[in-house]
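Each ligand, and each atom within it, is numbered from 1 in the order the structure gives. If you're wondering where the values come from, they're calculated on a predicted model, not measured in any experiment.
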Amino acid sequence: MARYLEQEHHIFRQSLQKFLEKEAIPYYDQWEEDGMIPRAFWDLLGENGFLCPWVDEQYGGYNADFGYSVILNEELERVGTGLIGVGLHSDIVVPYLAEYGTEEQKQRWLPDCVSGKAITAIAMTEPGAGSDLAGIKTTAIRDGDHYIVNGEKTFITNGIQSDLIVCVVKTDPHATPSHKGISLLVVERDTPGFRRGKKLKKLGLHSQDTAELIFEDARVPVANLLGEEGQGFYYLMKQLQQERLIVGIGAVIAAEEMLQMTIEYVKQRKAFGKSIAAFQNTQFTLAELATEITMSRKFLDALIMEHIEGKEIVTEVSMAKWRLTDMAKQVAAQCLQLYGGYGYMEEYPIARRFRDIQVSSIYAGTNEIMKAIIAKNIGL
Ligand SMILES: Cc1cc2nc3c(=O)[nH]c(=O)nc-3n(C[C@H](O)[C@H](O)[C@H](O)COP(=O)(O)OP(=O)(O)OC[C@H]3O[C@@H](n4cnc5c(N)ncnc54)[C@H](O)[C@@H]3O)c2cc1C
């Protein structure tokens with residue numbers, strides 16, 4: 001057990017596993033078909049204390065430490081990467097509300113985030129700006145007690161289902177440098193002038209809801225500004241450490257799952273009168289992958305520990321994000337190869353895992369952007 005986990009964490013994991021065995025695993029294939037996780041599942045997660053357990057007790061949470069979030073993200077990933085929207089809500093978006101929200105905003109929003117009544121999303125990416133966040137075009141111009149928001153967001157996780165969206169906007173489109181004009185606004189479900197665009201069809205993560213969001217003179221109350229005007233970019237940079245750590249956790253768990261299912265498969269499949277597992281190529285391939293996964297896990301656990309201690313580890317987390325997701329993609333490709341033609345068939349979970357892992361090197365900042373951050377931080 002990792003150093004940051006104690007007996008209570010273990011009990012939490014067992015009850016979560018039991019919950020997911022009953023409420024998620026039997027339905028997951030159907031959710032993949034439907035292209036959506038039903039809201040009823042979110043309600044159940046909330047009822048059972050599995051959403052944002054870290055939130056302060058006064059807003060309905062349990063004040064739980066980050067170890068519980070690690071477990072939550074791990075166990076959701078074991079079921080399938082399509083559940084990524086739950087972890088995004090619980091440990092990526094809601095932390096913005098808790099960290100930068102006023103007392104009034106926290107009372108207004110946090111209890112519903114914990115109960116599952118409110119699903120959240122974060123909208124940074126636009127059709128014309130992904131990696132280059134400072135280049136976003138969505139504007140929020142003050143008009144009395146409201147901001148008038150115009151623009152378009154795309155690839156937004158929980159896009160269709162979300163009730164509260166932390167939206168990255170330009171409150172000062174003329175600021176120089178441009179990132180100083182960025183602010184965070186919370187857009188609520190029934191905001192006039194706000195609508196959902198297309199629900200996007202994707203290579204993988206079929207059960208995850210990914211969508212476009214459209215703002216046409218949307219009227220968002222000034223009371224929904226998060227933190228200070230012009231500070232949005234800095235808030236994002238600070239919170240992205242945890243987001244990237246969570247993507248790293250998902251990558252390691254996905255890799256572990258793929259390795260395990262492949263070990264079982266090669267032991268029972270036969271060719272040339274012996275099991276596939278008996279070939280030296282199979283053994284060396286899987287031994288190498290097991291080594292990569294174990295080394296990744298050790299690095300990840302060390303970073304989780306430092307994150308819990310409140311250390312600023314942006315460079316190391318950027319390293320973990322690119323390396324761990326690349327590692328998991330390599331595991332996917334090599335495991336699939338060991339399945340032969342069956343690996344290409346939808347009825348074998350390795351096929352879904354192979355599709356789903358591809359995006360891990362793209363979202364939460366592409367792996368190239370991670371390397372650009374590392375290069376800058378080592379003095380280049
Ligand atoms: C399934 C899914 C879910 C997502 N969920 C969300 C979400 O919830 N909220 C949200 O805001 N966004 C979300 N995204 C968007 C995601 O964060 C972006 O796709 C990502 O940041 C890359 O932006 P882009 O797609 O515009 O690619 P681009 O920025 O156009 O990049 C294209 C290529 O150029 C490379 N590149 C760009 N700049 C540089 C550089 N300086 N140096 C070297 N190479 C560079 C990139 O690495 C990439 O390989 C999601 C995306 C997907 C696919």
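For atom 25 (O) of ligand 1, the nearest protein heavy atom (residue, atom name, distance) is Phe155 CE1, 3.7 Å. For atom 24 (P) of ligand 1, the nearest protein heavy atom (residue, atom name, distance) is Gly130 CA, 3.9 Å. Considering only non-hydrogen protein atoms, atom 43 (C) of ligand 1 sits nearest to Glu368 CB, 3.9 Å. Residue, atom and distance of the protein heavy atom nearest to atom 12 (N) of ligand 1 are Thr125 OG1, 2.7 Å.
A side-chain donor-acceptor contact under 3.5 Å links Gln358 to the backbone of Phe354. Thr294 places a side-chain N or O within 3.5 Å of a backbone atom of Ala290 that can act as its donor or acceptor partner.
Counting only heavy atoms, the protein never gets under 4.0 Å from atom 33 (C) of ligand 1. Protein non-hydrogen atoms do reach within 4.0 Å of atom 2 (C) of ligand 1. Distance remark: protein heavy atom not present below 4.0 angstrom from atom 30 (O) of ligand 1.
Taking the six-membered ring for Trp and thresholds of 30 and 60 degrees, Phe66 and His307 have ring planes more than 60 degrees apart, a perpendicular arrangement.
Between His179 and Tyr234, the distance from one ring center to the other falls under 6.0 angstrom. Taking the six-membered ring wherever Trp is involved, the centroid distance between the rings of His206 and Trp31 does not fall below 6.0 Å.
Considering backbone and side-chain atoms alike, Thr366 places an N or O below 3.5 Å from some N or O of ligand 1. For ligand 1, the polar-atom distance check finds an N/O of Ile122 within less than 3.5 Å of one of the ligand's N/O atoms. Considering backbone and side-chain atoms alike, Ile369 places every N or O at 3.5 Å or more from each N or O of ligand 1. At a 3.5 angstrom cut-off on N or O pairs, Thr157 counts as close to ligand 1. The shortest N or O to N or O distance between Asp132 and ligand 1 is not under 3.5 Å. Polar contact check, Thr210 against ligand 1: no nitrogen or oxygen pair lies under 3.5 Å apart. Where the criterion is an N or O separation shorter than 3.5 Å, residue side chain and backbone included, Met124 meets it with respect to ligand 1.
The NZ atom of Lys238 sits 9.0 Å away from atom CD of Glu312, with the distance rounded to the nearest 0.5 Å. In this structure, CD1 on Ile141 lies 11.0 Å from CG on Asp217, to the nearest 0.5 angstrom.
Atoms of ligand 1 found under 4.0 Å from any heavy atom of Val359, numbered from 1 in the order shown, are 1 (C), 52 (C), 53 (C). Of all atoms in ligand 1, numbered sequentially from 1 with element shown, those under 4.0 Å from a heavy atom of Ile362 are 19 (O), 20 (C). Of all atoms in ligand 1, listed by their number and element, those nearer than 4.0 Å to a heavy atom of Ser131 are 22 (C), 23 (O), 28 (P), 29 (O), 31 (O), 37 (C), 38 (N).
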Only distances under 3.5 Å count here; give the side-chain donor-acceptor pairs of residues 48-56 to other protein atoms, sequence neighbours excluded, each with its distance to 0.1 Å.
from	atom 1	to	atom 2	distance (Å)
Asn48	ND2	Leu44	O	2.8
Trp54	NE1	Ser90	O	2.7
Trp54	NE1	Asp91	OD1	3.4

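Between Lys371 and Glu368 there is no salt bridge, since no side-chain N of the basic residue sits under 4.0 Å from a carboxylate O of the acidic one. Checked for salt-bridge contact, Arg323 and Glu316 miss the test: no charged N lies under 4.0 Å from a carboxylate O.
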Please step through ring pair (Phe, Tyr, Trp, His ring centres under 6.0 Å) for the pair Trp109 and Tyr59, ending with a clear verdict.
CA-CA 9 Å; Trp109 292 322; Tyr59 309 111; over 10 Å; no
